[in-house]
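A quick write-up on the structure given underneath.
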There are 2 protein chains.
Amino acid sequence: MDAVLTELVSSGKITDPQSAKGRLMRAAAHLFKTKGYERTTVRELGAAVGIQSGSLFHHFKSKEAILLCVMEETIVINIARMHEALKQANSAEEKLLALITCELASIHTDTGEAMGVLVYEWRSLGQDKQKYILQLRDEYESLWLSTIEQGKQEGLIQHDGFILRRLLTGAIGWTTTWYRPDGDISLDELAEQTLKLAIK
Amino acid sequence: MDAVLTELVSSGKITDPQSAKGRLMRAAAHLFKTKGYERTTVRELGAAVGIQSGSLFHHFKSKEAILLCVMEETIVINIARMHEALKQANSAEEKLLALITCELASIHTDTGEAMGVLVYEWRSLGQDKQKYILQLRDEYESLWLSTIEQGKQEGLIQHDGFILRRLLTGAIGWTTTWYRPDGDISLDELAEQTLKLAIK
DNA sequence: CACACTACCAAGCAAGCGCTTGGTTTACAA
DNA sequence: TTGTAAACCAAGCGCTTGCTTGGTAGTGTG
């Protein structure tokens, strides 16, 4: 558990991963990612943490609330980690690499399954919850856009900012389907290759 | 209906879009894309084409069979269109642009909804069907890889071929969530911008 | 006209779903 | 030791799901 995470837990902004609720959320993220939200039953969720299905509703008021909570906390964690990573970067190129590395890490380390759920299962939320999640991501996205804008001013980037960001979102997000961190190529190498899409 | 599509229909390789089955498949693609496969009921599918839910099973033996058929035919159509587009391209750069344009078109024209289903709903298929679909896409992918390889030999591309293809797959596929062909930027312009990810 | 075949309907079944309820155990503070 | 609240179980309710069944119009063929 890194420093950022510890801070978020002790300030009450996210659930302690050690707690019953936290373990349930990790199990839920795993099942939602591998089976999909709709195909995961509350009975499976209960069984995954060793309780009856009905007992889930002591912790969450509905199955959808579990999904929402998983998404919510993942965003909070990764925004915090992104801010932290940007602190140690100076030039636009360094910042861009930091953002890319951060986003790749969010997909391929501890929050990986939750991030997959965020990308693949947002339609399972009711419309108001979808808006709420989108709003949470806004802070995240504005960090990206301002960094890209800086890169354009430095002559590093030719693309339109919005378009480039969205193309990169897709490129990075898709790695969840094919990249394995324990394979031939390291996360940092993958980040370098991804950066080369934006600059040359 | 373009020439490629007409040929595929008359040779029996894909269902006539005018037929009852064809109309059902289009409606299914639409519902699966907007609501997701699991959240779409057979009653909705029936209602969408004006028949009872039970009558669906006269055309397909199961709901999953509808999903499979939608995916299958979309792949067949787009492989054919890709071959056609490559015929008119010579240099590696032209070929690459043709492939990108083709893939973008597959997502944003008539097969768009079915392509979205292909990307978002493959987990809803049983394992054997998943393998079958993956196998169908192999021909498609090998066209991409050989073109990228040609680009590398011409010094046009620096990236590793496999990695570049997968990054591009993600970048292009993700456009389904944000790009609208009737918006500010044309499909061809988007293709150009996408090409600039790979070459500079 | 008789026959066969395709396309459909009306009704409903068995199974599985999310969630509720009433009661019991556990943990810990007073 | 007692009181209280959190955490959980056992049972099952009401509803929806994919799919089946038995029967019926409509259409073309000999």
Side-chain angles (χ1 to χ4, degrees), chain A residues 9 12 15-71 117 121-130, chain B residues 9 12 15-71 117 121-130:
Chain A
V9 170
T15 309
D16 182 1
Q18 312 282 340
S19 72
K21 195 173 172 181
R23 286 190 303 116
L24 171 55
M25 286 172 60
R26 251 207 329 284
H30 176 68
L31 285 167
F32 291 165
K33 172 76 198 303
T34 50
K35 303 191 54 173
Y37 171 77
E38 299 286 346
R39 267 180 310 289
T40 302
T41 68
V42 291
R43 283 164 241 270
E44 286 173 313
L45 285 170
V49 291
I51 61 174
Q52 293 295 107
S53 66
S55 305
L56 290 177
F57 298 90
H58 175 72
H59 300 284
F60 295 93
K61 75 174 217 290
S62 69
K63 185 186 167 191
E64 188 193 15
I66 302 178
L67 178 64
L68 182 65
C69 200
V70 165
M71 293 180 167
V117 172
E121 304 292 344
W122 58 270
R123 282 178 311 177
S124 298
L125 290 176
Q127 278 210 296
D128 48 336
K129 316 287 181 192
Q130 282 185 29
Chain B
V9 170
T15 310
D16 182 2
Q18 312 282 340
S19 71
K21 195 174 171 179
R23 285 189 304 114
L24 171 55
M25 285 172 60
R26 251 208 328 284
H30 177 67
L31 285 167
F32 291 166
K33 173 75 200 301
T34 50
K35 305 193 51 174
Y37 171 78
E38 300 285 347
R39 265 179 311 288
T40 303
T41 69
V42 292
R43 282 162 243 269
E44 288 173 312
L45 286 170
V49 291
I51 60 174
Q52 292 295 106
S53 65
S55 306
L56 290 177
F57 298 90
H58 175 73
H59 299 285
F60 294 93
K61 75 174 218 289
S62 70
K63 185 187 167 191
E64 189 193 13
I66 302 177
L67 178 64
L68 183 64
C69 202
V70 166
M71 293 181 167
V117 171
E121 304 292 343
W122 57 270
R123 281 178 311 177
S124 297
L125 290 176
Q127 278 211 296
D128 47 335
K129 316 286 182 192
Q130 281 186 29

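- Rounded to whole Å, the distance from NZ on A:Lys21 to C1' on D:dA7 is 14 Å.
- Rounded to a whole Å, the CG atom of B:Leu67 is 12 Å from the P atom of D:dC19.
- Comparing C:dC8, C:dG18, D:dC9 by their nearest atom to the side chain of A:Gln52 picks out D:dC9.
- For A:Thr41, the side-chain atoms get nearest to C:dG18 when compared with the rest of C:dG18, D:dC9, D:dT17.
- A close approach under 4.0 Å does not occur between any side-chain nitrogen or oxygen of B:His58 and OP1 or OP2 of C:dC8.
- Using modelled atom types, one side-chain atom of B:Glu64 and one backbone atom of B:Gly126 make a donor-acceptor pair closer than 3.5 Å.
- Atoms CZ (A:Phe32) and C1' (C:dG18) sit 12 Å apart, rounded to a whole Å.
- Residues A:Phe57 and A:Val42 meet the side-chain proximity criterion, which asks for heavy atoms closer than 4.5 Å.
- Between the P atom of D:dC8 and the CZ atom of A:Phe60 lies a distance of 12 Å, rounded to the nearest Å.
- Residue B:Thr40 is classed as a sugar-phosphate contact, given heavy-atom separations below 4.0 Å to backbone atoms only.
- We find that A:Glu121 and A:Lys63 are not joined by a salt bridge, their nearest charged nitrogen and carboxylate oxygen being 4.0 Å or further apart.
- Atom CZ in A:Phe57 sits roughly 15 Å away from atom C1' in D:dA10 (whole-Å rounding).
- Look at CD1 on A:Ile51: it is 6 Å from P on D:dC9, rounded to the nearest Å.
- As judged by a 4.0 angstrom heavy-atom cut-off over every strand, A:Gly50 is placed among residues touching the sugar-phosphate backbone only.
- Along DNA chain D, the nucleotide nearest to B:Ser53 and the one nearest to A:Ser53 differ in position, and the one closer to the 5' end is contacted by A:Ser53.
- Side-chain atoms of A:Arg43 and base atoms of C:dG18 include a donor and an acceptor less than 3.5 Å apart.
- When rounded to the nearest whole Å, the span between CG of A:Leu45 and C1' of C:dC17 equals 13 Å.
- A distance of 12.5 Å separates CE in B:Met71 from CD1 in B:Ile66, rounded to the nearest 0.5 Å.
- Judged purely by atom type and a 3.5 angstrom limit, B:Arg123 uses its side chain to pair as donor or acceptor with the backbone of A:Lys33.
- The shortest distance between the side-chain N/O atoms of A:Ser55 and the OP1/OP2 oxygens of D:dA7 is not below 4.0 Å.
- Backbone-only engagement by A:Ser62 is indicated by non-hydrogen atom pairs under 4.0 Å involving sugar-phosphate atoms exclusively.
- Side-chain N/O atoms of A:His59 include none lying less than 4.0 angstrom from OP1 or OP2 on D:dA6.
- Rounded to an integer number of Å, the gap from CD1 of A:Ile66 to P of C:dC17 is 15 Å.
- Here the side chain of A:Lys63 is nearest to one of C:dC19, D:dT20, D:dC8, namely C:dC19.
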